[in-house]
Amino acid sequence: MSERVTPALLGKWKSEGHRITALTAYDYPLACVLDSAGIDVVLVGDSVGTAVLGLPDTVGVTMDAMIHHSRAVARGVTRALLVGDMPFLSYHLSASQALENAARFLQEGGCQAVKLEGFYPQLVETLVDVGIPVMGHLGLLPQRVRLTGSYRVAGRSADERTTLFEQAQALERAGCFAMVLECVIPEPAGEITRALAIPTIGIGSGPHCDGQILVTHDMLGLNRGRVPRFVRRYADLDETIRRAVGAYADDVREGRFPVSHETYSEE
Ligand code: KIV
């Protein structure tokens, strides 16, 4: 479990049929847990906005916030490939803006790669050209939710499938080392996965992708907002924490904590 995961290793795993595990993290303690549990890819997702900052969507997440969270996560990750998510409008203004912000993830944030949501093959080429590994992201694009008005499954119509397929191939040609497919109908997600040499990492896109990613707070049951239907809950931390906090509050109110011999000293 000690070999550092790299973009090249993910490509090798795809060719060997070795499935990739990925989760999001936004802070140091969770990063330590995911890394020591052997998760292959840790994404500092712009889902930080909805998962921990209490925002209605990812549009309000800034570059400075992403760097702040990336730095914390990077301190806890030694094995996983650490990917920083380029937030809304951090790469749309110009190639130099995209380069500057992507470089911040590597230089300040401690990430090994960036993820770029949407179809921007020229920007991918520009970043890869200077040595910045880029993960693509097609299908449902949460950064566009204020335009689309809802979180809609992608790839329903034949036209949409063709577009997705062609965009995925173009992003691979532009140099992406992997591709997130979010909420793509399983059959086209499988077609794209079979057609690409780079691994696909699915979220709500069925079983045919080369790997899977979830928002960690969703799968741990620690999410006050919208939880997509495809999420499987592996824990109910909301309830676990509520019980622990309730027990603490009862102890304080009833005079059971602290007890008289306990002090602040560690001896
Ligand atoms: O921000 C995020 O967490 C993501 C994943 C849903 C892939 O982009």
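Just follow the structure's listing: the first ligand is 1, and inside any ligand the first atom is 1. Only heavy atoms go into these numbers, but all of them, side chains included; no hydrogens, no water, no symmetry mates.
Near Thr24, with a cut-off below 4.0 Å to any heavy atom, the atoms of ligand 1 are 3 (O). In the vicinity of Ile203, heavy-atom distances shorter than 4.0 Å reach the ligand 1 atoms 6 (C). Atom numbering of ligand 1 starts at 1 in the shown order; those under 4.0 Å from a heavy atom of His137 are 8 (O). Listed by atom number, the atoms of ligand 1 under 4.0 Å from Gly45 heavy atoms are 1 (O), 2 (C), 3 (O). The Leu43 neighbourhood of ligand 1 comprises atoms 2 (C), 3 (O), 4 (C), 5 (C), 7 (C), 8 (O), with distances under 4.0 Å to a heavy atom of that residue. Atoms of ligand 1 lying under 4.0 Å from at least one heavy atom of Asp85, given by number and element, are 1 (O), 2 (C), 8 (O).
Taking the charged nitrogens against the carboxylate oxygens, Arg243 and Glu239 do have a contact shorter than 4.0 Å, which makes a salt bridge. With respect to Asp250 and Arg256, no salt bridge is recorded, no charged nitrogen being found less than 4.0 Å from a carboxylate O. Salt bridge annotation for Glu16-Lys12: present, with a cationic side-chain nitrogen under 4.0 angstrom from a carboxylate oxygen. For the pair Arg173 and Glu125, the salt-bridge criterion is not met [side-chain N within less than 4.0 Å of a carboxylate O].
Considering backbone and side-chain atoms together, Ser47 places an N or O closer than 3.5 Å to an N or O of ligand 1. The shortest N or O to N or O distance between Glu182 and ligand 1 is not under 3.5 Å. Residue Lys115 has at least one N or O atom closer than 3.5 Å to an N or O atom of ligand 1.
Although no hydrogens or angles enter the test, the distance criterion places a donor-acceptor pair under 3.5 Å between the side chain of Asp35 and the main chain of Arg79.
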Assess the residue pair Ser47 and Tyr26 against the criterion (side-chain hydrogen bond (donor to acceptor under 3.5 Å, both in side chains)); give the C-alpha distance rounded to whole Å, side-chain angles, the decisive distance to 0.1 Å, and a yes or no.
CA-CA 9 Å; Ser47 52; Tyr26 319 109; 2.6 Å; yes
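Leu220 contributes atom CG, which lies 5.0 Å from atom CG of Leu237 (distance to the nearest 0.5 angstrom).
Contact annotation for Val48 and ligand 1: no heavy atom of the residue comes within less than 4.0 Å of the ligand.
Counted by atom type alone, Asp57 and Thr50 present zero donor-acceptor pairs between their side chains at under 3.5 Å.
Under a 4.0 angstrom heavy-atom cut-off, Glu117 registers as lying outside contact with ligand 1.
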